[in-house]
A.B. asks: 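Below you will find the structure I want to go over with you.
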Amino acid sequence: MLYYILRRILYAVPIALGVSIVCFSLVYLAPGDPLQTLLPDDTPPEAVAELKAKYGFDRPVPMQYLFWLGNVLTGDFGTSIGTGRPVIEEIGRALSNTLLLGACAVAVAFTLAIIIGGVGGYLHGKVSDKVVTSIAIFGVSVPNYWLGIILVIVFAVELNLLPAVGMGKSGSQGFGLDLESLKYLILPTITLALVPLGIIARTVRASVAEVLGHEFVQTLRAKGLSERGVLRHVVKNAAAPVLAVMGLQFGHLIGGSIVVETVFSWPGTGFLLNNAILRRDVPILQGTILVLALMFVLTNLLVDLLQTTLDPRIRRA
Amino acid sequence: MLTQIPTQLSSIVDVDDLTVEFHGREGTVRPVNGVAFSLKAGEVLCILGESGSGKSVTLRALMRLLAPDRTRITGHVEVAGHDVLKASGRSMAALRGSTISMIFQEPMTAFDPVYTIGDQIAEMVAQHKGVSRRAGRTRALEMLELVQVPSAKRRLDAYPHELSGGLRQRAMIALALSCSPRVLLADEPTTALDATVQAQILLLLRSLQQELGMAVIFVTHDLGVAAEVSDRIAVMYAGRFVETGSVRDVLQDPVHPYTRGLLSSTVHGQPRGTRLQTIPGSPPDLRMLPPGCSFEPRCGEAIDRCRAAIPPPYTLKSGQCVRCVHAPQDLVPAE
């Protein structure tokens with residue numbers, strides 16, 4: 001087991017390295033020079049050259065990558081071209097806001113998905129199952145930006161119950177765990193939770209229904225286990241595939257949704273990315289994508305290890 | 001607790017007019033149509049029949065393991081004084097595993113793949129005996145040793161996929177016997193195994209049965225297995241027992257045309273070089289059974305009376321019970 005964990009962690013290193021290469025080069029695949037968009041057209045060539053040298057744009061791309069990687073490994077993500085502040089600070093602030101929103105959406109989506117998916121799978125083919133399936137299909141099919149706007153129209157504009165955008169009067173600095181601040185979380189959380197809710201509920205339902213169809217469930221009943229005892233076995237068996245999907249969705253939620261954060265002007269990583277793309281703020285782009293991608297790798301690693309502890313058959317593969 | 005129904009001292013399983021119907025989208029299937037038998041403590045009954053004859057469904061009906069929303073079970077089933085078909089869900093669960101236990105055909109799929117063998121046995125012991133998991137594990141080890149699993153202590157922590165087919169079936173037997181049931185149901189327990197392992201498992205089952213004095217109902221399609229393990233044989237066809245009797249009588253002097261067909265279509269005891277006979281046709285559709293004898297369409301001796309009504313069970317002098325209109329007239333010697 002320990003050997004498996006070490007091996008799995010070791011595998012994550014080349015993946016992370018590959019991710020960093022992709023993150024770095026993606027920016028160079030898009031046309032246009034970041035400095036061109038920032039500087040006025042009549043900037044003297046010497047000034048352009050000086051700035052290029054300052055940000056390292058004058059070196060060959062592979063050298064730029066190694067230089068950047070070296071800095072990244074020491075915790076230096078460079079400075080934002082747009083704001084001039086260190087990238088690490090910008091990402092840190094955005095990431096904490098996104099994590100807050102993401103954690104709320106994870107809590108809502110995962111809890112509801114397990115409940116409604118579990119009920120659907122357990123009552124496979126019955127009316128309640130059909131209701132659950134409809135909810136799940138709704139969740140998967142409705143575009144979240146549309147839902148976000150509808151929620152804003154209903155609850156913020158028409159009913160005037162909840163704030164429409166932002167994190168409060170003084171932005172993320174003034175955000176606390178008081179009722180007034182939490183109000184700002186409600187609409188984006190619902191909007192963000194809907195899609196993972198649908199996807200996970202469907203997986204839970206399919207997984208539970210499949211496990212219940214296995215022959216060993218009959219053995220469990222033949223052993224005289226109570227329905228609760230049977231359920232304990234069903235949960236552990238159904239957990240592995242559900243965890244895989246949850247891991248992916250967790251990664252998405254933590255990564256922040258560009259669309260949802262933009263609709264609600266939530267100052268998270270999605271919002272940061274969106275602005276960085278518009279402003280061609282290359283260091284911010286590279287840094288944010290890298291951090292998010294690494295979190296994805298980490299999530300997958302954790303899911304893999306968790307799955308292994310749940311299902312002993314995975315260890316052999 | 002279940003209501004204790006007074007019953008004749010000797011029989012531990014009493015089944016009368018047991019019928020099972022499955023309600024599905026394509027109509028109603030009737031896999032079991034009026035099965036009646038009783039079993040004494042310590043007796044081994046073998047239900048012999050081809051696939052789809054209703055053997056396994058009969059076993060599951062005895063433990064009420066069939067999906068309740070799609071199945072209708074009627075008749076009377078009594079196990080160790082408990083009325084199985086009228087018992088509540090909770091008292092049924094208390095009965096399963098402790099009084100009446102089952103060994104399944106496929107030990108690979110019958111175990112939960114994500115728990116160890118030891119856990120799965122201990123869990124059952126803890127449930128029925130009200131003891132701790134630790135005590136359950138001690139019992140599990142005892143059971144694995146009883147069924148002769150080599151290095152039993154190590155196997156306790158093995159997952160089902162880590163064992164061979166034979167060991168898995170031994171573990172299955174250990175599981176089924178862990179709470180000392182009075183009735184053991186064995187659903188083709190050797191069918192999924194290699195021939196050499198089959199013999200070992202049969203010997204093990206037979207010796208455990210004698211040692212523990214359980215009543216066993218053994219379901220198989222294999223005549224050789226039936227002859228090996230049982231005291232009595234019931235030949236099942238289209239959901240009915242067409243012939244029951246002692247092993248010797250049924251195998252040596254089969255009366256029902258189906259039993260005779262079955263015996264002449266196997267290699268057991270046939271002289272070398274003789275061509276095996278087959279029974280023409282195929283079993284009837286369980287959705288629309290013929291009004292008379294269900295074997296009549298395939299029977300070479302069918303007469304009009306066979307088509308008119310289901311033949312009642314005739315008891316012969318030997319003790320054999322046969323559902324065939326030919327039986328009493330032709331075979332019971334006049335006194």
Side-chain angles (χ1 to χ4, degrees), chain A residues 1-4 119-130 204 207-244 303-317, chain B residues 24-25 56 59-60 62-70 89-117 119-129 157-162 171-172 175-176 178-179 181 184-185 187:
Chain A
M1 186 64 195
L2 191 72
Y3 173 72
Y4 176 86
V119 168
Y122 211 73
L123 303 172
H124 188 59
K126 301 235 175 77
V127 181
S128 347
D129 175 31
K130 306 246 157 74
V204 171
S207 224
V208 167
E210 197 219 305
V211 171
L212 280 173
H214 281 313
E215 252 183 69
F216 72 77
V217 176
Q218 195 177 46
T219 316
L220 297 176
R221 299 227 158 92
K223 279 161 75 174
L225 294 191
S226 60
E227 213 44 33
R228 219 183 72 202
V230 174
L231 204 63
R232 200 171 69 92
H233 284 263
V234 172
V235 166
K236 197 173 173 192
N237 273 276
V242 170
L243 267 178
V303 167
D304 267 10
L305 295 179
L306 215 55
Q307 274 186 319
T308 318
T309 60
L310 284 172
D311 192 336
R313 288 168 299 177
I314 296 175
R315 237 169 284 166
R316 294 211 299 185
Chain B
R25 255 177 231 159
S56 296
L59 281 198
R60 280 162 178 75
L62 292 188
M63 282 180 88
R64 236 172 68 194
L65 280 178
L66 302 158
D69 50 341
R70 273 169 284 136
R90 190 181 284 258
S91 44
M92 203 54 227
L95 207 59
R96 289 182 194 136
S98 64
T99 306
I100 180 166
S101 199
M102 182 128 127
I103 302 172
F104 294 90
Q105 178 175 350
E106 244 307 336
M108 182 69 224
T109 52
F111 275 113
D112 183 338
V114 304
Y115 284 93
T116 61
I117 299 287
D119 277 348
Q120 298 191 51
I121 300 177
E123 171 185 51
M124 179 167 160
V125 177
Q127 169 91 19
H128 288 297
K129 304 283 180 202
D157 294 316
Y159 289 94
H161 71 264
E162 295 169 335
M172 186 82 233
L175 175 80
S178 60
C179 294
L184 177 70
L185 309 180
D187 186 8

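Below, chain A is the first sequence line, B the second, and so on; all start at residue 1. Basis for what follows: all heavy atoms, side chains included, without hydrogens, waters or symmetry-related copies.
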A.B. asks: Would you confirm whether Thr109(B), through its side chain, and Glu215(A), through its main-chain N or O, come within 3.5 Å as a donor-acceptor pair?
C.D. replies: no
A.B. asks: Examine whether an atom of Ser101(B) lies under 4.5 Å from a heavy atom of chain A, and if so say whether it belongs to the side chain, the backbone or both; otherwise answer neither.
C.D. replies: neither
A.B. asks: Relative to chain A, which segment of Leu185(B) carries a heavy atom at a distance below 4.5 Å: side chain, backbone, both, or neither?
C.D. replies: neither
A.B. asks: To the nearest 0.5 Å, how far apart are CG in Asp311(A) and NE2 in His161(B)?
C.D. replies: 8.0 Å
A.B. asks: At a 4.5 Å cut-off on heavy atoms, which part of Met172(B) comes close to chain A: side chain, backbone, both, or neither?
C.D. replies: side chain
A.B. asks: If every non-hydrogen atom of Val114(B) is compared with every non-hydrogen atom of Leu310(A), which pair is closest and at what distance?
C.D. replies: CB-O, 3.5 Å
A.B. asks: Select one option (side chain, backbone, both, neither) describing which atoms of Arg60(B) are under 4.5 Å from chain A's heavy atoms.
C.D. replies: side chain
A.B. asks: With a 4.5 angstrom heavy-atom cut-off, could you sort out which part of Phe111(B) is near chain A: side chain, backbone, both or neither?
C.D. replies: backbone
A.B. asks: Considering non-hydrogen atoms only, spot the tightest contact between Phe216(A) and Ala110(B) and give its length.
C.D. replies: CB-O, 3.4 Å
A.B. asks: Drop me the distance from Gln127(B)'s CD to Leu220(A)'s CG, to the nearest 0.5 angstrom.
C.D. replies: 11.0 Å
A.B. asks: Checking His233(A) against chain B: side chain, backbone, both or neither under 4.5 Å from a heavy atom?
C.D. replies: both
A.B. asks: May I ask you to name which of Gly224(A), Ala240(A), Gly229(A) has the most heavy-atom pairs under 4.5 Å with chain B?
C.D. replies: Gly224(A)
A.B. asks: Nearest 0.5 Å, please: how far is CD1 in Ile103(B) from OG1 in Thr219(A)?
C.D. replies: 11.5 Å
A.B. asks: With rounding to the nearest 0.5 Å, note down the distance linking NE2 in His214(A) to CG in Asp112(B).
C.D. replies: 9.5 Å
A.B. asks: For side-chain contact (heavy atoms from CB on, under 4.5 Å), just list the numbers for Lys223(A) and Gln120(B), CA-CA rounded to whole Å, side-chain angles, deciding distance to a tenth of an Å, and then say yes or no.
C.D. replies: CA-CA 9 Å; Lys223(A) 279 161 75 174; Gln120(B) 298 191 51; 3.8 Å; yes
